[in-house]
There are 2 protein chains.
Amino acid sequence: MTAFMHKGYGKTSMQDLKKATGLHPGSIYCAFDSKRGLLLAALGQYKKDRNSEFNDFFPGKAAVLTELKHYLDHIVQECLSCDASKACLLTKALNELADQDDEIQGIVTENLAGWQQSITMLFEQAKVKGELSTQRDSEHLARYFVMGVYGLRTFAQTHPKAHVLQQLADQLYHDVCYEPAPKIAEQVVN
Amino acid sequence: MTAFMHKGYGKTSMQDLKKATGLHPGSIYCAFDSKRGLLLAALGQYKKDRNSEFNDFFPGKAAVLTELKHYLDHIVQECLSCDASKACLLTKALNELADQDDEIQGIVTENLAGWQQSITMLFEQAKVKGELSTQRDSEHLARYFVMGVYGLRTFAQTHPKAHVLQQLADQLYHDVCYEPAPKIAEQVVN
DNA sequence: TCCTATCTTGAATGTTCGTTCAAGATAACC
DNA sequence: GGTTATCTTGAACGAACATTCAAGATAGGA
């Protein structure tokens, strides 16, 4: 997992994977069929790890939106750490393999959709708890939130200063959670 | 340029480049020193092309923010076309080569900073023309806008429906151009 | 027409890649 | 302790890669 995150799929050699796993080529091929099979397994593990981490951020002990803010701040810290093992394997694989491997693209897209769906449910919860206007569209908000996180992660790769990245995250959180529903008239201007 | 955009730098072979340029390996090495040199040249050409395209979108014949909306809608169309040659070579190179080639990362980061700077100047113009509150921070708005575009481009690779992507772009435009300055109290909650 | 300087060609090079497999090690069972 | 079944090893393989270079083509000047 971390090997693929550091160098990307294409540039990670069997020698790298040998070092990373402690297994010899024969064992890797026995267990995972191919380098690609190992990537699929890594994606599976990544999904499991991230799901678990996600749930830890939402124990329901504080306001949903407050927990969401902490979650977003955690992502900012990951970006700032400049540690490749804290990057998102899903977006990395998506950027590298889109339009080259339909099956992997499908798996990655499904995983990201699952993440987005979890966030949609958070907003639904927030509505029930009265933290969010029931007028807002939870699915749209979740899509906008994940789009913002994608943007944040890419922006972070240009090595901005910490407070700049945090400011962008704060703005994103504000736009998602505190913005009144936009007037239709403004949106249709073209 | 388009060859690198389709397969990424690493997966683009000399044979691909031979087909794409119509030159034989010897000529390519004579003119560009190496495959990496050809990428540098492609980045230079890309910058030139995109700068020219950018300027075409802002002739100053309409409101600055209206021209910006058209520009954003154009980006959405590029994303929806699913044509790899309409992707952003800069973000693609950034995602692939970050933390692997410092010089290229630097060049890409500079180019993206230049683009962001151009957008900052648009907001400054908009303030002068009275289209935008002088209270707003042009640099912050520009950063948020480019972050949104990064996010939009990544989101597009999960192949969402056209109206979903357009809705996200509309929201981004709204948040950047019509949002009142957020209250400090809301931003510092943590 | 010939000479020279520049450009083009594509086969050859050495390296590195993903992958395989037969030999060896280990463990489990009776 | 002997036999079998499973796992581990790492050398070896062909393919594909970026790169080189000597031979050939081209064009401009005299």
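Residue numbers start from 1 in every chain, and the chains themselves are labelled A, B, ... in the order their sequence lines are given, proteins ahead of strands. Everything numeric here is computed off the predicted structure, so don't read it as measured data. All values below come from the heavy atoms of this structure, side chains included, with hydrogens, waters and symmetry mates left out.
- Counting to the nearest Å, the P atom of C:dG18 and the NZ atom of B:Lys11 are 10 Å from each other.
- Residue A:His24 has a polar side-chain atom (N or O) positioned under 4.0 Å from OP1 or OP2 of D:dG10.
- Atom CZ of B:Arg36 and atom C1' of D:dT19 are 16 Å apart (whole Å).
- With a 4.5 Å cut-off on side-chain heavy atoms, A:Val108 and B:Thr158 do not count as touching.
- Look at NZ on A:Lys18: it is 16 Å from P on C:dT19, rounded to the nearest Å.
- Closest to the side chain of A:Pro25, from the set D:dT20, D:dA11, C:dG18, is D:dA11.
- Across the protein-nucleic acid pair, A:Leu38 atom CG and C:dT19 atom C1' stand 14 Å apart, rounded to whole Å.
- A donor and an acceptor atom, one from each side chain of A:Asp170 and A:Gln166, are located under 3.5 Å apart.
- What separates NZ of B:Lys35 from P of D:dA16 is a distance of 15 Å, to the nearest Å.
- Ring geometry, B:Phe155 versus A:Tyr150: the interplanar angle falls from 30° to 60°, so the pair is classed tilted.
- Note: A:Phe57 and A:His74 have tilted aromatic rings, judged against thresholds of 30 and 60 degrees for the angle between ring planes.
- For B:Tyr29 and C:dT6, the OH to C1' distance is 21 Å, given to the nearest whole Å.
- Position along DNA chain C of the nearest nucleotide to A:Ser27 versus A:Gln15 favours A:Gln15 as the more 5'-ward residue.
- Between the C1' atom of D:dT20 and the CE atom of B:Met14 lies a distance of 11 Å, rounded to the nearest Å.
- The distance between atom CD1 of B:Ile28 and atom P of D:dC21, rounded to the nearest whole Å, is 17 Å.
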